[in-house]
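Everything quoted here is computed from the prediction, not taken from an experiment. Here is the naming used below: chain letters follow the sequence lines, and residue numbers restart at 1 for every chain.
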Number of protein chains: 2
Amino acid sequence: MSAPTTFHGWVCHGKDAPMKWEEMKIRAEDDYCVDMDVTDCGLCGTDIHTMDANWVSPRYPLCGHEIASICTRVDSKVQNVKVGDRIGVGTQSGSCHRAECPACSTGNENLCPIQLFFTYNSVWPNGDEAYGGYADKWRGDCRFVFKIPDILSNEIACIVFCAGVATYAPLKRHNVNADSVVGVMGLGGLGHYGILWAKAMGAKVFTMSHNDRKHDVALELGADDYIGTNAAEHLTKYTGKFSHILCTGISPDFKWKTYTPLFKPNGVFINVNLPEWNFPEISPMLLVASQVNICGSAIGSPIEIEDMLQFAAKTVLKPYLPTYPMKEAPQAVADFNAGKPRFRFVLKDLLFVCVLSKYKAGGLSPI
Amino acid sequence: MSAPTTFHGWVCHGKDAPMKWEEMKIRAEDDYCVDMDVTDCGLCGTDIHTMDANWVSPRYPLCGHEIASICTRVDSKVQNVKVGDRIGVGTQSGSCHRAECPACSTGNENLCPIQLFFTYNSVWPNGDEAYGGYADKWRGDCRFVFKIPDILSNEIACIVFCAGVATYAPLKRHNVNADSVVGVMGLGGLGHYGILWAKAMGAKVFTMSHNDRKHDVALELGADDYIGTNAAEHLTKYTGKFSHILCTGISPDFKWKTYTPLFKPNGVFINVNLPEWNFPEISPMLLVASQVNICGSAIGSPIEIEDMLQFAAKTVLKPYLPTYPMKEAPQAVADFNAGKPRFRFVLKDLLFVCVLSKYKAGGLSPI
């Protein structure tokens, strides 16, 4: 199959500009490239923040980063996936890979301090732009592309490459297990994965939200209990309760002294949330006296992604994923902005769903 | 030996008030009480902050909390020490011990959220005041009193019960070992123990200080290198270097973004310092992208103190401890306030040093 030089995708040319389906130049190949036809792409809060230029000035045009696909072509040094494989890529699509890099040399490429590349809103080392996956095709580095286990559909798999690993990796890294009691703050796209993973790891899970309308769905997702955080007195009875709190959403009035008493000794507060406000000052006395570990987690490393895929396959992950046809991406974005996701939207390229159905006869698992 | 009802000690009756040697009422006994004749008491920065009412309004009169002594009497339920033992007590001298306490029930009494008692500036459950160890006697709860290993003198042992365990416990808890690279921020009483412990644990150790006059003594203490923190460019070459940073001193202009890049993946920033200013806000993006664990550590639990005593004995801890006779406590405090400690002052009750010399013939180790 000859290598394509262009692709079609939804692009955003500026803050508040309407999204457009356009033909774009695909990045040039190198020895590590994988080509894929996109079947599914998640719609992540990061996409919206980036399109809206909430964090830094983005590189327009741009589009999504939670891609599930079918592999259509590989370059000479690609060994981990082959043509016909169902494969995926998430937020990160490159790092420096240098022997002297403290992150890359230790399997922590997600923390590479030298050269991080992302699936969109980024520039490849060759100078080409990376545009992302609200598209029909994507080309990128095999070292950040993963084969999807047979039991996971592309629809489910696409989102684990970002929201999935962003919540799985820190829970695993911080040893969540059957002895853990995990509070999940916020019940949106990330929080919903937090509940699913922590339950699958055997933990007792409490959903914490200021929006009491989420009470029922939290329990439906498997949470053992729901804590309304809109009144401090709801929290005080959980003093000394949690081994971990996974923060996927906070209010601007968040106070450390409200949350640190909720931990068991040596508890871990893990932030995976990127609001537009900062975590507040903390007094050294509170930091010392609480002995709570405060940390964040940056998506996940390739090793953690592989581990997550196996765990998701083994535990039969069942997220809540309303779908939209790829051609309705602008409507999906509008609905996202209206707060409608319960809990994560997937853009499906229906043409490729048909194409892929042909592969089934060849033994591929359903997508 | 009949139980004493009073003791003599140096007391402080208010901020800026002169210290006085006075007779005071000793707390009433209960089944867990241990009486001790104080031989050595460390002079800790906390003593000064407390006398100066820098943190909260203190319970005057008060005096020190790093006590080494000889046991003179025990009550009915005391099993861990006996009359004639060389024993010590540190900052904490009580907790709730309830089965339902998430801290006490798991061997983390230092984090008891229900009922913490301290060696001075505190009230015992019976309502009596706790006055501390710039004194000739002290009486307290055996569950926070420890037998000093034979190889450690009382002079060395007294300070490990506070400054020692405050630095040992977090380094041990966060797995400092021969593969670790530890930055020790600040070189005062705590920082000097940080260097000694981390080196004894096999780590590579870098002292970080804004005061370049400490360069030579840092190396003399065993640090592998010295980093002047008074210029940002001195730090940048240590990007990705540290597995741990033990913070024993920071400036009011401390910035997270200066220090988070210095860590290896999943590094740990441990604060054991109690300045009068807060740690600043941290952006969620920096918390996420750095994946650094930020924590504090509250002295240490009884289990950690026992562990530390054995480690100190095994590794032959050699701190720098200028001594003052107990009768010169006011001068020691004045010298402390003048920034003279290199690195920790010990008040010695010379009378008891003589008394204890008699015990030597009976097989007691030297004090």
* **Residue, of Thr106(B), Val272(B), Asn266(B), that accumulates the most heavy atom pairs under 4.5 Å with chain A** => Asn266(B)
Chain A contact via [X] - side chain, backbone, both or neither, heavy atoms under 4.5 Å:
X         : answer
Asn110(B) : side chain
Asn271(B) : both
Ser301(B) : neither
Pro280(B) : backbone

* Check Gly194(B) against Leu246(B) and note the closest heavy-atom contact, atom names and distance. => CA-CD2, 3.7 Å
* To do: Please report the closest heavy-atom contact between Gly188(B) and Phe343(B), naming both atoms and the distance.
  => O-CD2, 3.7 Å
* To do: Over 60° means perpendicular and under 30° means parallel, so classify the ring planes of Phe146(B) and Phe161(B), tilted if in between.
  => parallel
Where does [X] contact chain B at under 4.5 Å (heavy atoms): side chain, backbone, both or neither?
X         : value
Trp55(A)  : side chain
Pro275(A) : both
Ala289(A) : backbone

* Taking 4.0 angstrom as the limit, do Lys172(B) and Glu304(B) come out as a salt bridge? -> no
* Asked: Does the gap between the ring centers of Phe206(A) and Tyr238(A) come in under 6.0 Å?
  -> yes
* Asked: Trp256(B) and Phe269(B): aromatic ring centres closer than 6.0 Å?
  -> yes
Heavy-atom pairs under 4.5 Å with chain B are the metric here; pick the option from [options] that has the most.
options                                    : result
Gly296(A), Gly240(A), Pro113(A), Ser283(A) : Gly296(A)
Cys295(A), Ala298(A), Pro284(A), Pro170(A) : Pro284(A)
His174(A), Met285(A), Lys264(A)            : Met285(A)

* Asked: Would you call His97(B) and Arg143(B) a side-chain contact if the rule is heavy atoms closer than 4.5 Å?
  -> yes
* Greater than 12 external heavy atoms within 6.0 Å of His210(A)'s NE2 -> no
